[in-house]
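First up is the structure itself, then whatever we jot down about it.
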There are 2 protein chains.
Amino acid sequence: MSTMTTRERTSLDTSDQAVWRSYLLAARLLFEEIDRSLSEEVDLSLPDYTLLVRLGEAGEDGLRMGELADSAVFSRSRISHAVARLEQAGWVERRSCPTDRRGSFASLTESGRDKLAEAEPVHARVVQQHLLAAVDDKDSLRRLTDSIGKSLGAEPGDPVC
Amino acid sequence: MSTMTTRERTSLDTSDQAVWRSYLLAARLLFEEIDRSLSEEVDLSLPDYTLLVRLGEAGEDGLRMGELADSAVFSRSRISHAVARLEQAGWVERRSCPTDRRGSFASLTESGRDKLAEAEPVHARVVQQHLLAAVDDKDSLRRLTDSIGKSLGAEPGDPVC
DNA sequence: TTTCAATAGTTGAAATGTCAATCGTCACGG
DNA sequence: CCGTGACGATTGACATTTCAACTATTGAAA
């Protein structure tokens with residue numbers, strides 16, 4: 001058992017390397033494919049689509065900029081620029097928060113809801129085809145990605161029910 | 001069995017949504033953490049680190065720009081800009097290909113090998129801690145990510161041996 | 001009250017990535 | 001040879017992301 005301890009090593013062994021590379025490659029290819037499909041078919045990037053989805057699930061008032069940033073794992077600055085562009089495009093509007101004048105809410109416009117409705121089937125198709133149908137055991141994938149997320153401080157996340 | 005067919009749907013059901021979100025969140029958090037650690041500790045981004053790794057594994061002559069681009073899933077244009085920056089930094093050098101004068105080779109300089117050696121332990125530590133140690137079954141993870149990659153046209157990839 | 005550290009968000013500049021030409025070279029059919 | 005279309009890579013303009021201030025507001029302590 002001379003090499004089986006979990007001590008620190010300065011590099012990964014061959015098999016661990018392979019796990020990492022496989023993970024990186026799959027993720028990059030998948031995100032790229034989703035982004036490409038959304039861009040070509042409905043002229044929307046994956047990051048922008050993500051924001052529309054979050055806002056689409058929020059109530060009438062939308063979300064505070066900070067909440068939106070956290071839920072999408074964007075920096076404050078990035079969310080500010082991104083929402084400004086979405087506002088330009090007419091899909092999102094910002095309203096300042098009545099109870100805390102530092103804050104503002106972002107919410108979907110009618111046109112934003114239309115755009116989201118247009119994009120959803122494209123996203124669903126690609127995820128279905130290349131993520132969900134590609135694996136033989138979705139539950140097992142879910143458990144693994146949940147563990148990784150938890151290790152990185154992710155919230156327990158919306159329970160499925 | 002009224003809803004169990006694999007027909008096309010226009011949106012994902014709740015449980016499929018959850019799989020997708022968990023996958024996206026884990027991947028974003030992991031890549032962000034690796035990038036952050038590399039940036040803070042050795043002042044190198046994850047994309048740049050990836051390129052140094054590929055070049056570090058290549059022979060004396062390095063790799064053709066196109067090969068490097070493919071192995072890192074970068075566009076031709078992106079690889080050109082990125083290598084130009086790495087060359088600026090003194091970690092990479094370009095030499096034009098003798099047998100095909102359109103092409104060029106990129107290879108690590110001594111300084112580039114040093115930089116890579118400095119970065120490797122940082123990368124290994126974070127991947128170990130948040131990917132490999134976080135999951136209970138690395139083989140199962142590997143199988144899943146391989147399937148996803150294959151579904152997106154990935155090469156069978158370097159066999160582990 | 002007045003001060004002051006902390007918070008929410010924005011801003012502009014620099015770095016990075018994407019997109020659409022473009023350049024030089026190659027290979028192949030006349 | 002001489003086109004001519006395909007290929008490998010680069011370029012510059014533009015879009016996005018990051019980074020480091022900065023503004024305005026809040027809450028709380030003196």
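Letters go in sequence order (proteins before strands), and every chain restarts at 1.
- Contact annotation: side chain of A:R101 to base of D:dT25, donor-acceptor pair absent below 3.5 Å.
- Residue B:R85 has a polar side-chain atom (N or O) positioned under 4.0 Å from OP1 or OP2 of C:dG17.
- Residues from residues 23-48 of chain A lying near DNA chain D, meaning a heavy-atom separation below 4.0 Å, are A:P47 in numerical order.
- For the pairing with B:S151, the side-chain hydrogen bond (donor to acceptor under 3.5 Å, both in side chains) check across A:E33, A:Q129, A:H130 returns one residue only, A:H130.
- For the segment residues 62-84 of chain A, residues with any heavy atom less than 4.0 angstrom from an atom of DNA chain C are, sorted by number, A:R64, A:M65, A:G66, A:R76, A:S77, A:S80, A:H81.
- Judged purely by distance below 3.5 Å, without hydrogens or angles, the side chains of B:D35 and B:S45 never pair a donor atom with an acceptor atom.
- With hydrogens and angles ignored, a donor-acceptor pair closer than 3.5 Å exists between the side chain of B:R102 and the base of D:dC7.
- Look at CZ on A:R95: it is 19 Å from C1' on C:dT10, rounded to the nearest Å.
- Salt-bridge check for A:R95 with A:E60: failed, with every basic side-chain N at 4.0 Å or more from each acidic carboxylate O.
- The CD-P distance, from B:E87 to D:dT11, rounds to 10 Å in whole Å.
- Within the structure, a side-chain polar atom (N or O) of A:R94 is placed less than 4.0 Å from OP1 or OP2 of C:dT10.
- Between the CD atom of B:Q88 and the C1' atom of C:dT16 there is a distance of 15 Å, rounded to whole Å.
- Applying the side chain to side chain contact (heavy atoms under 4.5 Å, CB included) rule to A:S80 yields the partners A:R94; only residues at least two apart in sequence or on another chain are considered.
- Cluster membership check: B:V127 shares its hydrophobic cluster with A:Y23, using side-chain heavy-atom separations under 4.5 Å among Ile, Leu, Val, Met, Phe, Trp and Tyr.
- Within a 6.0 Å radius of CD in B:E110, no more than 12 heavy atoms belonging to other residues, nucleotides or ligands are found.
- In this structure, B:S104 and A:T99 both approach DNA chain D, and ranking their closest nucleotides by distance from the 5' end singles out B:S104.
- Residue A:R101 qualifies as open at atom CZ: its count of foreign heavy atoms under 6.0 Å is 12 or below.
- Heavy-atom minimum distance, A:D137 versus B:L144: O-CD2, 4.3 Å.
- Clustering ILVMFWY residues whenever any of their side-chain heavy atoms sit less than 4.5 angstrom apart, transitively, puts B:L55 in the very cluster that holds B:L116.
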